[in-house]
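Just so you know, ligand 1 is whichever comes first in the structure, and atom 1 is the first atom listed for that ligand.
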Amino acid sequence: MVTALFKVVLMGDGSVGKTSLRLTYMGEGFRANYMITIGADFAVKRMELAGGHNVSIQIWDLAGQDHFKSVRSTFYRGSQGALAVYSTVERSSFDNIKNWLEECWKNTGKKIPIVLIGNKIDLRDQFIDNPAMKSMIVTTEEGQALSDYIAKQGTTSSFMETSAKTGVNVEAAFLELAIKILEAGGLA
Ligand code: G3D
Ligand code: MG
């Protein structure tokens with residue numbers, strides 16, 4: 001049995017749902033700490049993994065500073081895994097994932113494990129038959145293909161589709177990341 005604290009970051013374009021995912025995972029009543037110099041929240045939650053491993057994850061979330069590149073190098077420092085989040089109803093956020101990964105790996109100095117998240121699937125379900133939305137929608141197949149591409153860059157990558165609104169797959173996504181970090185030798 002092990003006890004560990006993992007630092008993880010939430011990255012992705014503004015409005016894709018990073019803060020909502022964190023709040024859904026942690027519960028509404030949760031208050032995060034705020035690091036004013038880099039404009040980031042961080043919050044800790046404990047989870048129990050198979051095999052009796054007790055892991056706490058410290059989740060770092062940019063508090064509306066998503067677009068200020070200058071503050072983000074501190075944000076990534078020491079993180080052991082990342083949730084790379086896009087919106088399944090906003091293609092530009094999907095196209096930007098490669099830029100987020102590059103920035104993350106550059107600042108962490110190693111290819112930390114990634115869980116790729118396609119969020120807002122409740123909206124995609126609503127928009128799926130709307131021709132005006134067709135070009136905005138990112139399919140499951142596209143998400144999976146991007147995750148496969150990330151895995152070829154020399155790290156582990158998993159893919160999940162979530163809704164921070166309905167809660168579907170939110171807990172599973174954080175759990176998956178903790179498992180990937182453990183597998184990558186996060187205790188070393
Ligand atoms: P960010 O932290 O990545 O910038 P937020 O994104 O968590 O602040 O979310 C941006 C907006 O998208 C919020 O709406 C939020 O409620 C909404 N949102 C986040 N995730 C989902 C989801 O899975 N489904 C739906 N339907 N909406 C979602 P507002 O209106 O508060 O700006
Ligand atoms: Mg936010």
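Counting the atoms of ligand 1 from 1 in the order shown, those under 4.0 Å from a heavy atom of A164 are 20 (N), 22 (C), 23 (O). Remark: ligand 1 atoms within the under-4.0 Å shell around heavy atoms of S163 are 23 (O). Ligand-side atoms of ligand 1 in range of G14: 4 (O), range being under 4.0 angstrom from any heavy atom.
Between D122 and ligand 1, a contact under 3.5 Å exists for at least one N or O pair.
Looking at residues two or more places apart in sequence or on another chain, you find no salt bridge (Lys or Arg N to Asp or Glu O under 4.0 Å) involving D13. Remark: Y25 pairs with F174 by the ring-ring contact (aromatic ring centres under 6.0 Å, His included) rule, at least two apart or across chains.
If you look at T19 next to ligand 1, the close heavy atoms, those under 4.0 Å, come from the backbone and the side chain alike. In V16, the parts holding a heavy atom less than 4.0 Å from any atom of ligand 1 are both the side chain and the backbone.
Across every non-hydrogen atom of M47 and L175, the tightest pair is SD-CD1, 3.8 Å.
At a threshold of 4.0 Å, the pair D61-K18 does not count as salt-bridged, since none of the basic side-chain nitrogens sits closer than that to a carboxylate oxygen.
Ordered by chain and number, T19 OG1 make up the set of protein N, O or S atoms under 2.8 Å of the Mg ion (ligand 2).
Residue pairs meeting the salt bridge (Lys or Arg N to Asp or Glu O under 4.0 Å) criterion with at least one member in residues 155-169, sequence neighbours excluded, are R124-E161.
Shown here is E102, whose CD atom has no more than 12 heavy atoms of other residues, nucleotides or ligands within 6.0 Å.
One option in K120, R124, Q126, K18 has a heavy atom closer to atom 21 (C) of ligand 1 than any other, and that option is K120.
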